[in-house]
Every structure is written in structure tokens, then in C-alpha cells.
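When a residue number appears, it is its place in the shown sequence, counting from 1.
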Amino acid sequence: MATPLSDTPLSLKKIAVVGLGTMGTGITEVLVQAGREVVGIDVDEAQAARALAALETSTARSVERGRLTDAERTAALARLRTATDLTAAADADLVIEVVPESYEIKHQIFRELDGVVRPETILATGTNALSVTRLAADSARPERVLGLHFFNPAPAMKLVEVVSSVLTAPQVVAAVTDLALELGKEPVAVGDRPGFVADGLLFGYLNQAAAMYEARYASREDIDAAMRLGCGLPMGPLALLDLIGIDTARTVLDAMYAESRDRLHAPAPILKQLSEAGLTGRKSGRGFYTYEAPGSAVVVPDPLTPAADGAGVAGREVRSVGVAGSGTMASGIAEVFAKAGYDVVLAARSEEKAEAAKARIGKSLARSVDKGRLTAEAAAQTLERITPAGSYDAFADVDLAVEAVAEDLEVKRQLFQALDKVCKPGAVLATTTSSLPVVACARATSRPQDVIGMHFFNPAPAMKLVEVVRTVLTADEVHATVREVCRTVRKHAVDCGDRAGFIVNALLFPYLNNAVKMVEEHYATLDDIDAAMRLGGGYPMGPFELLDVVGLDVSLAIEKVLHREFRDPGLAPAPLLEHLVAAGCLGRKTGRGFREYARR
């Protein structure tokens, strides 16, 4: 029979942590440093000893770094005791289990705890994939069961997801939320579904990256570099899968797919193959990458490691570059080439537009001078290398022509027809499209072998990534030329094939779309989702912050292209996004998108 809950605030002073693996040890460290009395329980006495040793080491490092005093460390360690039997949790106010992701194991733990702890004790599961409701329903105290999902490493990561089931009492949620705040964490309230917010969005993205690699669309190194440099992420998706554990990722995705039946959550076959082969990532010494030793973070070369740049086909000489367009991207690309010493022709539909674009570059260079990134002399020399022109006829002698005009296929085709007539034989013709087929631009010319994609990221002077997009018709020497040019302008080139979204947008926009669906389903708020992805996923911006910056119309257009290309129902744009665009709420540029902004 359930114990009635009073209105008196629940006090959580004594806490038991069941399972002293990496996560359990990290949670224990957070708790003892925050002044809580903790009993760490693990059936393996050796594991409990390892956890205690790990705590001694980590707290000693904190003393060395000035985060703790010797006295605080001594007091923290004194607040911890370890045990190998659940009876040690008898006097706990809260029990947090972080045992392996298995219903059977967790159910057994909860059933035993029901017979051990006091009636008023709260039971929290640390699962990130299994149903909290199911665990609660199996308990004798369902109103006192909830999810408490920390992120790894628990001492460093600020996010904690507080997961309620339909059975959880509000007082229990309030007590655990208050505890998370007292621990210096940022709790977000979420409902019970596999993956919750952070992992629910993160693992779909990781799964798509694994499928992209499995399809041999791009190398593991290029996929990871693209997402680090193109999105500002701390790790690429395949390296992150190795860190999480490929077997763990597969378990989470299986649980997500069982509920959603969304093909984006169906685990990529390579995850099963690697898991069953025991190649589970860093912990086994090999996963997508090979590591120095099991548990090591040091990647070592293996047969899949790409050869160093510079070998193979020789490229063509490039001394002068033409940039077509007058917008922010065109002027940014022209600045990049001029800074690297190339003579640049910046051509637009009129002389006035070209002059305005050059003036924009002048202001950008002046800002760099003001910030000490460039000398006044270097800025002046860079600007002198740029010649504005009101006609593409000025491209007659360039060795590389790069278009950065409107993201409209017919506009680009017409431009490539013009470039085909104007540019000299042997000139490389490049498009900066982010979502349109490069081969369609190539087929508009009489020299499709000379056409390639060079997808710069905005702002081009600051962003290090360029996606180099080969079509089935692109010549090897043209590819080699562009790779060499990227090195010269100090950009990191990644190779990919000619399909919608290339690497970055093909992985980024389904993630953004899934975030919109979460809000549509009233699963979590904009603020909680943004906080979860910044704090739990290491994203520099939450998905709704990013959508408003990119522009909801731009985002919708890219999502429509991805949906058309891959024909996956899970890629269909969220109706809420379509409604906002139809209403003219396009993000920061209109003053309103998912949020409202002050008009300047």
C-alpha cells in the first residue's frame, strides 16, 4: 500500500548510490562534496574499492587545482562508506540506482529495495533508455519512483534530467529538483520516454552518422571533423559513440525505436556488428577508431587511417579566383581568398553591388585590425587584391570561379551556363550550394568534369570547414586542385559525395527537426530543450536558438530537400516549423521565430 505524502518538504540528507561504475562513482563524488552522507553499494567488492580509489584520486586533483582544500577533501571522503549489500540503504532518504541498462537487473534492484528502505524513501533510476513508468509500476511505492539522469562525467556536467512518470508525486519531483540545484546542477523537467530530451535528440544524430559512415559516403575522420568544425561540437559523432560505448548506444536506440518506430532511431547495422564483435569503443580498445589500449583516449593509426594530404594526383595551378555574388557569403569567400594572397575578381549583377560587397570586406578587415588580428598594412594589401566587377565577363582569366549566389537551382544553372562561356579552358568551376545537386550545375556546362562543390560555412572568414563535393563526373585533378586551394586558404577540407545536405546539414537538420517535434508534442519547453542540448550535449547553441539564427525559412527549405532526397517519413518537416514560416516568423531577422527578439 502506498504511503501518503504530506505537504512537508522532503529532506534528502542520506543518499545511497547503487552501482559504482563510472557514472555511480561520479554521482557519489558530487554528493559527498555537496555535504551529503553517502553509501556506495556494489555487489563487486573489488569494484567498490576501485570506486573509492578513484574518488581519492579525483578529489586529490581538485585540491591540486585549488577547487577543494585539504580539510574539505578529508571531510568529503569521511562522508562516504561502501557496501556490497542493498541492506546498507536501509536508512537512506534517496536511493539512486545506476546499474546496467537492463529491465531485469533494475527491476530486481527495485524489488529488493522495496523490502529494505523506509516507506518514505525516494527511489531514483539513472536510466537513459528504459521506461521509468514501467519500473515505477513494478514498485510497491510508484508515487516515490522517478528518473534522475546525470550526464558523464557527473562532476563536470551541469545537466540533470528529472524524469516524472504519470505515477510520480509532485512533492517527490520537487524534492529531487531542489537537491539537483543544491548540487550545483541545472535540472530540466521531462516526461518518460526513451532518451528523454538530450539523449533523445543526440542518439538519433549519432545513429545517422553511423549509417552515413556505413554507406561509405565519407570517412570517419571527415564526418567527425565536419561536425566539430561546422557545428562547433566538442567531439565528432563517431568519436562520441566510441566514448559512450557502441553497445550502450545500440541499447538506447533499440529502446527509442521500440517506442517511436521512427526509422531514424532504428540502430544502424554497423552498431550491431561492432557490438557483437566486442568492438564497443574506447573501453574495449577499438570501435570506429582504434585506441592505444582498452580505456585509453589515444587514437592510433589503423588500416582505415587516411594517407596524409599531398600524395596522388597533381592539381592545376590557381593564381587568380573569381567570386560570383554580392551577399555576405560571397564577400566572406572573397576576403578568405584575398587574405591568402590570391588575386580576386568579385563580380555581381551590377558595378554598384560589387562595390558595396568590396566595401563590406573593407569593414570586416577594419574590424580585424581593431581586434589586433591583422595589421593595417596587411588589411590594405588584402583589399587591393580584390577587383569589383559588374559583369561575369571579368572572369575570363581566372583559374577558379566560385559562385555564391541565391540558393535556387535555376539561378545557379544560368550562372554556370554563363561561366562556361566566359571562363578559359581548364578553369575550375565551383558552387557553394549547401543543399542543391552539384551535378545539375555541372550539366549546365560543356565541361562537367571541371565542376565541383566548395561548401563554405558562414561567416566564411571565421569558419574553418569546407565540404568538397565531388560529382560522378568531377575529374581527379579538379578535386586535387580544390583540396590544395583549401590548404592554401587554411581551411579544413572534408570530402563527400553529391547528395542532399552533404555531411553537416544532413546530420544537423534532422536533429533540429526532431527538437521541433518534441515541442509540438508538449514533451518539454523550448528553454529546457535548449538547456539540455547545451549542457548535456555540449552544443554551443540549443536547437531553437540555432533555428532562429539560421532562419526558419532556410531551415525549412533544407529539410524539404532532405525529405525529397531520402524519402524517409522521419525527415518530413515538423508542421510547427511550416506554420511559423507561413506566418512570417522566420527568426531573428524578422524579430520573431521560436522566440521574440527586440527590433533594432
Side-chain angles (χ1 to χ4, degrees), residues 1-5 10 12 16-19 23 27 86 89 94-117 119-151 159-177 179-180 187-204 248 250-262 265 514 517-525 528-529 532 536:
M1 180 176 174
T3 305
L5 284 160
L10 302 175
L12 306 178
V17 177
V18 181
M23 182 59 81
I27 293 170
L86 287 176
L94 167 68
V95 181
I96 305 170
E97 71 75 16
V98 273
V99 299
E101 289 288 88
S102 159
Y103 272 122
E104 291 70 24
I105 296 173
K106 290 182 187 290
H107 174 66
Q108 178 67 24
I109 295 285
F110 272 66
R111 189 170 63 185
E112 288 187 35
L113 286 170
D114 277 336
V116 168
V117 300
E120 62 271 23
T121 299
I122 296 172
L123 304 182
T125 173
T127 184
N128 66 342
L130 305 180
S131 169
V132 176
T133 306
R134 182 172 162 186
L135 288 169
D138 289 342
S139 168
R141 62 189 77 218
E143 77 287 355
R144 292 181 179 273
V145 175
L146 81 171
L148 190 57
H149 181 212
F150 287 80
F151 287 74
L159 180 67
V160 174
E161 290 175 319
V162 180
V163 189
S164 305
S165 80
V166 292
L167 304 168
T168 311
Q171 300 98 312
V172 168
V173 176
V176 171
T177 301
L179 171 66
V188 297
V190 298
D192 182 24
R193 71 188 224 181
F196 313 130
V197 171
D199 285 353
L201 293 176
L202 179 66
F203 277 86
T248 302
R250 182 186 167 199
T251 298
V252 174
L253 286 163
D254 272 331
M256 290 171 65
Y257 181 69
E259 178 164 309
S260 71
R261 293 296 165 185
D262 186 334
H265 300 151
N514 285 338
K517 291 177 184 177
M518 276 189 176
V519 168
E520 275 182 340
E521 295 163 6
H522 306 289
Y523 177 64
T525 66
D528 277 353
I529 293 172

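Here the closest heavy-atom approach between residue A124 and residue L94 is recorded as CB-CD1, 4.0 Å. When all heavy atoms of V99 and G19 are compared, the pair lying nearest together is CG1-CA, 4.3 Å. Nearest approach of A129 to A255, heavy atoms of both residues: O-CB, 3.2 Å. Heavy-atom minimum distance, G204 versus L253: N-CD2, 4.4 Å. When every heavy atom of I122 is checked against every heavy atom of A175, the shortest pair comes out as CD1-CB, 4.3 Å. Between T177 and P187, the shortest heavy-atom contact is CG2-CG, 3.8 Å.
A salt bridge does not link D138 to R111: none of the charged side-chain nitrogens sits closer than 4.0 Å to a carboxylate oxygen.
Here the side chain of R144 pairs no donor or acceptor atom with the backbone of V172 at under 3.5 angstrom. Side chain of T168 to backbone of V145: a donor-acceptor contact under 3.5 angstrom is found. Within the 3.5 Å criterion, the main-chain N or O of V188 finds no donor-acceptor partner in the side chain of D528.
Between Y523 and K517 there is no side-chain heavy-atom pair separated by less than 4.5 Å. Side-chain contact check for V160 versus V176: every heavy-atom pair is 4.5 Å or farther apart. With contacts defined as side-chain heavy-atom distances shorter than 4.5 Å, the pair V162/V190 does not qualify. A 4.5 Å side-chain heavy-atom check between R134 and D192 finds every atom pair outside the cut-off. With a 4.5 Å cut-off on side-chain heavy atoms, I27 and M23 count as touching.
Here the straight-line distance linking atom CG of L130 with atom CG of D254 works out to 11.0 Å at 0.5 Å rounding. Note that the CG atom of L135 and the CG atom of L123 stand 10.0 Å from one another [nearest 0.5 Å]. The OG1 atom of T121 lies 9.5 Å from the CG atom of L12; values are rounded to the nearest 0.5 Å. Atoms CD and CG, from E520 and N514 in turn, are 10.5 Å apart once rounded to the nearest 0.5 Å.
Applying the salt bridge (Lys or Arg N to Asp or Glu O under 4.0 Å) definition to pairs two or more places apart or across chains, those involving residues 94-103 are E97-K106, E101-K106.
Checked by atom type, the side-chain pair Q108/E112 shows a donor-acceptor distance below 3.5 Å.
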Result block: side-chain N/O donor-acceptor pairs under 3.5 angstrom for residues 193-201, not counting sequence neighbours:
{"unit_1": "R193", "atom_1": "NH1", "unit_2": "E521", "atom_2": "OE1", "d": "2.7"}
{"unit_1": "D199", "atom_1": "OD2", "unit_2": "N128", "atom_2": "ND2", "d": "2.8"}

